[in-house]
Asker: 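Got a structure for you, questions after.
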There are 2 protein chains.
Amino acid sequence: MTASTKKMPSKASPTRREPLSHERIELAALVLIDMEGLEGFSVRKLGEMLGCEAMSIYHHFHSKAHIIDALVDRLVSRVSIPSHDLDSVKRIRGLANGWRNMARQNPRFFPVLSLHRLNSEVGVTFLNEIMLTFRAAGLERERAARLFRVMNYYLMGAALDEISGYAKGPSSLNPISDGDLALKFPDIADAGEFFAPEQFDQTFELGLDLLMEGAGLLGPAQ
Amino acid sequence: MTASTKKMPSKASPTRREPLSHERIELAALVLIDMEGLEGFSVRKLGEMLGCEAMSIYHHFHSKAHIIDALVDRLVSRVSIPSHDLDSVKRIRGLANGWRNMARQNPRFFPVLSLHRLNSEVGVTFLNEIMLTFRAAGLERERAARLFRVMNYYLMGAALDEISGYAKGPSSLNPISDGDLALKFPDIADAGEFFAPEQFDQTFELGLDLLMEGAGLLGPAQ
DNA sequence: ACCTGAACACCGTTCAAGT
DNA sequence: ACCTGAACACCGTTCAAGT
């Protein structure tokens, strides 16, 4: 309503803004989500950030859901793929850690990404890297397929839980007090020291090793 | 605006509606979410469903987030807890399957639940059951703590991925076609038969066994 | 071709008022 | 004590119009 809400560059810099593009919109969206979280991510705020009317964005994306789709692809394609020259075990470790690192770098968006089916071209390309590695490790078709799923379950759950452990996730509005926890649930309270973020890497590696060992990938040759 | 949008029971049945209560509101919310999904879950629609003004609900819950908190507690407390007389391995299987079944019965709400930290009294009580079982199985403190987390990662990822496999999860808006999948990603396409919902149980059991075996819980006695 | 601004049909939540 | 209805500050999206 007041003059301060008006944008000024219309006079100060008439034709200065570079034109909108998929890339500019997507990068701004990632910054906005990183700053304000998913609830704060609106097309209108995105427009403000880009220095245009919110509705201009619809000229480049059909809907907000299409923007989110593009962000999923963009982040999945950022996961670093280990060289095919490495042995299978090293490749699996590399893929797993690439996934976790991407999650950690995008804690506010990752939950959306992880609930998305990765059935775009980019998504399937990533999944295919995991599958290829399992096959290259010598697993036969059915076993590779099932272990692929098992590994994905583990990766997805670990990344989500670690993020919520970094306190970005929604907490109960009436959490149990530390005092009550120690009194009523001593075994949980007692384990607290192993639940701290500094322990995440070690715990994650333990689970990954158990799965790979169970899959027969960590043979005596190791 | 028109007469048809007005609610009629004000004349037809003056004092018929039973008063609002936490229970009535929560049960209606679960039905609404089950029917319309999370996006369709609004306080206003919930009011309509309960036959009251939306704003009456705020007399019983401080905010929409508090309703969701209550739903999390309600569903977690519905997970059936296996008898303490069973051996540890049977109890772990029972807890894991109780969790999965709850997820499957509430596919639209479960993603929210799973991203919530379970740090309410009800949530911790459930987590404590898992921890107690690991301790009772003879695992020492640190190992029990780490395997507890590993198991939770797996349970969470599996439940979420199975739900999205039942086609309730958001898909890419530009999914790869089956033809392209078969051509470009034959290994993924080839594994398709093992990704069908009928295969979920078997795949889940495989991963659970690998983890329990790795934890040393499936000894020669088994 | 690209962008704008008003408008529509929704949200969650606050508040003063009703019984 | 419990519920209401108007109001506020937001949403995503459509549409006709501007350059």
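Just so you know, these numbers come straight off a predicted model, no measurement behind them. All chains are named by letter (A, B, ...) in the order of the sequence lines, taking the proteins before the strands, and each is independently numbered beginning at 1.
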Asker: Nearest whole Å is fine: how far is C:dG5 C1' from A:Ile57 CD1?
Answerer: 15 Å

Asker: Tell me whether the rings of A:Phe195 and B:Phe148 are parallel (<30°), tilted (30 to 60°) or perpendicular (>60°).
Answerer: parallel

Asker: In whole angstroms, how far is the P atom of D:dC2 from the CG atom of B:Leu50?
Answerer: 16 Å

Asker: Atom CD of B:Glu53 to atom P of D:dA7: distance rounded to whole Å?
Answerer: 14 Å

Asker: Treating a pair as Watson-Crick (purine N1 to pyrimidine N3 plus N6-O4 or O6-N4) or G-U wobble (N1-O2 and O6-N3) with both distances under 3.5 Å, list the stems of 3 or more consecutive pairs that involve DNA chain C.
Answerer: C:4-8 with D:12-16, C:12-16 with D:4-8

Asker: Indicate yes or no for a side-chain donor-acceptor contact from B:Asn97 to the backbone of B:Arg93 under 3.5 Å, with no hydrogens or angles considered.
Answerer: yes

Asker: I'd like to know if the side chain of B:Arg149 pairs up with that of B:Asn152 as donor and acceptor (distance under 3.5 Å, no hydrogens or angles considered).
Answerer: no

Asker: Sugar-phosphate atoms are those with a prime plus P, OP1 and OP2; base atoms are the rest. Using that split, label each nucleotide of nucleotides 10-15 of chain D B, S or - for protein heavy atoms under 4.0 Å, 5' to 3'.
Answerer: -BBBB-

Asker: Does NE2 in A:His22 sit with more than 12 non-hydrogen atoms of other residues, nucleotides or ligands closer than 6.0 Å?
Answerer: yes

Asker: Indicate, with yes or no, if the rings of B:Phe204 and A:Tyr153 have centres closer together than 6.0 Å.
Answerer: no

Asker: With no hydrogens and no angle check, just 3.5 Å: does a side-chain donor-acceptor pair link A:Asn174 and B:Ser120?
Answerer: no

Asker: I'd like to know if the side chain of A:Asn128 reaches the main chain of A:Val124, judged simply by a donor and an acceptor atom lying under 3.5 Å from each other, with no hydrogens or angles considered.
Answerer: no

Asker: In a check of side-chain contact (heavy atoms from CB on, under 4.5 Å) between A:Leu71 and each of A:His116, A:Glu26, A:His66, which one passes?
Answerer: A:Glu26

Asker: To the nearest angstrom, how far is B:His59 atom NE2 from C:dT19 atom P?
Answerer: 17 Å

Asker: Using the side chain to side chain contact (heavy atoms under 4.5 Å, CB included) rule, take B:Asp34 and B:Asn106 through it: C-alpha gap first, then chi angles, then the decisive distance, then the call.
Answerer: CA-CA 7 Å; B:Asp34 195 46; B:Asn106 301 277; 5.9 Å; no

Asker: Decide yes or no on salt bridge (Lys or Arg N to Asp or Glu O under 4.0 Å) for A:Arg44 and A:Glu48, but give the supporting numbers first.
Answerer: CA-CA 6 Å; A:Arg44 290 162 129 105; A:Glu48 201 177 331; over 6 Å; no

Asker: Give the residues of residues 27-38 of chain A touching DNA chain C, defined as any heavy atom closer than 4.0 Å, sorted by residue number.
Answerer: none

Asker: What is the distance, rounded to the nearest whole Å, between atom CG of B:Leu46 and atom P of D:dC3?
Answerer: 13 Å

Asker: In terms of ring plane angle, is the pair B:Phe126 and B:Trp99 parallel, tilted or perpendicular, where the classes change at 30° and 60°?
Answerer: parallel

Asker: Does a side-chain N or O from A:Ser56 land closer than 4.0 Å to OP1 or OP2 of C:dT4, or not?
Answerer: yes

